[in-house]
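Here the structure comes first, spelled out in structure tokens, and everything after it is commentary.
Keep in mind it's a predicted model, so treat the numbers as computed, not measured. The analysis underlying the following values was restricted to heavy atoms, covering all of them including side chains, and did not include hydrogens, waters or symmetry mates. Chain naming here is simple, since letters A, B, ... match the order of the sequence lines and numbering starts at 1 in each.
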Number of protein chains: 2
Amino acid sequence: MQERGGKSDGRSKGARERLLDAALRVIRSKGYSATTVDDLCAAAGVTKGAFFHHFRTKEELGIAAAAHFSAMADGIFSTAPFMAIDDPFERLIGYVDFRRAIIGGELPAFTCLVGTMVQEAYATHPALREACARSIEEHAAMVEAIVAEVIAARGDPTGQGARSLALYTQAAIQGAFILAKASNDPQAATDCLDHLRRYLECLFGAPPAPTV
Amino acid sequence: MQERGGKSDGRSKGARERLLDAALRVIRSKGYSATTVDDLCAAAGVTKGAFFHHFRTKEELGIAAAAHFSAMADGIFSTAPFMAIDDPFERLIGYVDFRRAIIGGELPAFTCLVGTMVQEAYATHPALREACARSIEEHAAMVEAIVAEVIAARGDPTGQGARSLALYTQAAIQGAFILAKASNDPQAATDCLDHLRRYLECLFGAPPAPTV
DNA sequence: TGACACATACCAACCGGTCGGTATTAATTG
DNA sequence: CAATTAATACCGACCGGTTGGTATGTGTCA
């Protein structure tokens, strides 16, 4: 049995797909710079020739990996249960709860590829930086859509707009990952998500009176 | 004129001190892995011989740089004006405002060295990861002391404790830096700090002020 | 005189990237 | 229909520059 493994054909595992999957694992644990092309080839089980057949440079692989990660995330979140919640506020809380729930196990499995890469690349690899920015922007836009609905129904107590609040959720999550890596403990991240959730409840929560 | 530039003598600039200062600049813009020993030597204006006279390995330099960064930060914050504020809550808000105020100019000048390093090192350089964790912990402890005072006076509406909230402030700040790097715009960071401030006001302050 | 702070020269391993080649499949052609 | 052509996917030896690290020398000061 033979497949063609074309550029946008995902049903078989060509070298390109395998390299992209390997990039997610390896770069998230070693970082972009420390990850060598040989590392990627070994992890993907392909040769160097295959690597440079599909990607002109290591940076191009990084850019493709950011898009790959983005697509994967989009698939996970767009089909996640919380998305079916009617009330916008509850859906927003559902998003945070969902993000909290998928934290666990090994760090490279749940942390953010683009958050890792952009720290190393922002000053030295402009194209990679932009790819990471697009990836974050794309996910934030999904959150922003929810926030915008909440604001439409309950007003904007922040005065900073839906986009700003959506980006803040991403910042809190990215920062949570850094703490988890530093302490080598995923719970440091879930703890942060609890605070983020409380902030949103505080902003939009039902009781107009100050709680506690 | 000649100085000894001893290990703990800071009044003159020996090779060690210059290398540590260079590390702050270079690693914050290129990341730890992409920063070579030669980069550091060139930026510090010293030779490779001097480098390996003071540090046995590149990792040891990284560990020392984390401590150096920590000491620098400690100097800045312990003498900052907000520290003199009597009311603990106002002092806590003063901390966030101060952090917001020092954001600006070039990204490598105000972002966090250890937040950058730990992302690359957590899985591959345990000793460096621990040094970064200590550095974050040290700064968080300063914040925790303020938060503890606030909680002593006003109670803990989070139920997560002073330490957890202090760590969350660090997560929000670290995440703010990632957004700033991704968008190449310091304002992305200040925007996040505004949300963090609002969370603290929401927890301890008067009911959400009718800003806008 | 000897410990310290640096300088110079050097190295082996490793790195990203190149290159000539092969295997397989699809389209073209006589 | 077989033979030819062309394109794609992949292989792995190889290359020149770079990397972290070493070995050894030199000047200085207590």
By side chain to side chain donor-acceptor pair (under 3.5 Å) - contacts of Lys30(A) (at least two apart): Asp39(A)
Where the side chain of Lys58(A) is defined as all heavy atoms beyond and including C-beta, which of dG20(D), dA5(C), dG16(C) is the nearest nucleotide? dG16(C)
Between dG20(D) (P) and Glu59(B) (CD): distance, integer Å: 13 Å
Sequence neighbours left out, what passes side chain to side chain donor-acceptor pair (under 3.5 Å) with Arg25(B)? Give chain and number order. none
Rounding to a whole Å, what distance do you find between Leu61(B):CG and dT19(D):P? 15 Å
Can you find a pair of side-chain heavy atoms, one from Phe55(B) and one from Arg16(B), that are under 4.5 Å apart? yes
Sequence neighbours left out, cut at 3.5 Å: what donor-acceptor pairs do the side chains of residues 174-184 of chain B make with other protein atoms?
{"residue": "Lys181(B)", "atom": "NZ", "partner": "Gln119(A)", "partner atom": "OE1", "Å": "2.4"}
{"residue": "Lys181(B)", "atom": "NZ", "partner": "Thr116(B)", "partner atom": "OG1", "Å": "3.1"}
{"residue": "Ser183(B)", "atom": "OG", "partner": "Leu179(B)", "partner atom": "O", "Å": "2.9"}

Distance in angstrom units between Tyr32(B) OH and dT19(D) C1', rounded: 13 Å
Listing, residues 65-79 of chain B side-chain donor-acceptor contacts under 3.5 Å, not counting sequence neighbours, or none:
{"residue": "His68(B)", "atom": "NE2", "partner": "Asp21(B)", "partner atom": "OD1", "Å": "2.9"}
{"residue": "Ser70(B)", "atom": "OG", "partner": "Ser135(B)", "partner atom": "OG", "Å": "3.0"}
{"residue": "Ser78(B)", "atom": "OG", "partner": "Asp74(B)", "partner atom": "O", "Å": "2.7"}
{"residue": "Thr79(B)", "atom": "OG1", "partner": "Gly75(B)", "partner atom": "O", "Å": "2.9"}
{"residue": "Thr79(B)", "atom": "OG1", "partner": "Ile76(B)", "partner atom": "O", "Å": "3.4"}

Any side-chain N or O of His54(B) under 4.0 Å from OP1/OP2 of dC6(C)? yes
To the nearest angstrom, how far is Glu17(B) atom CD from dC6(C) atom P? 11 Å
Enumerate donor-acceptor pairs with a distance under 3.5 Å from any side-chain N or O in residues 139-152 of chain B to protein atoms, sequence neighbours excluded.
{"residue": "His139(B)", "atom": "NE2", "partner": "Tyr95(B)", "partner atom": "OH", "Å": "2.8"}
{"residue": "His139(B)", "atom": "NE2", "partner": "Arg99(B)", "partner atom": "NH1", "Å": "3.2"}
{"residue": "Glu149(B)", "atom": "OE2", "partner": "Arg91(B)", "partner atom": "NH1", "Å": "3.1"}

Which part of the nucleic acid, if any, lies within contact of Thr35(A), taking any heavy atom under 4.0 Å across all strands shown: a base, the sugar-phosphate backbone alone, or nothing? sugar-phosphate
Applying side chain to side chain donor-acceptor pair (under 3.5 Å), can you list everything that pairs with Arg163(B), at least two apart in sequence or on another chain? Glu137(B)
Take the protein atom CZ of Arg18(A) and the nucleotide atom C1' of dA9(D), then report the distance between them rounded to whole Å. 12 Å
If I take atom CG in residue Leu19(B) and atom P in nucleotide dG21(D), what distance separates them, rounded to the nearest angstrom? 14 Å
When the distance from NE2 of His53(B) to P of dA23(D) is rounded to whole Å, what number comes out? 16 Å
Does Arg100(B) reach the main-chain N or O of Asp194(B) with its side chain, forming a donor-acceptor pair under 3.5 Å? no
To the nearest 10°, let me know how far the axis at one end of the helix from dT1(C)-dA30(D) to dG30(C)-dC1(D) is tilted from the axis at the other, five pairs an end. 10°
Whole angstroms only, please: what is the CZ-C1' distance between Phe55(B) and dA5(C)? 13 Å
Residues which pass salt bridge (charged side-chain N to carboxylate O under 4.0 Å, His left out) with Asp185(A), listed by chain and number, not counting sequence neighbours: none
Looking at residues 36-51 of chain A, who's got a heavy atom less than 4.0 Å off DNA chain C? Thr36(A), Val37(A), Lys48(A)
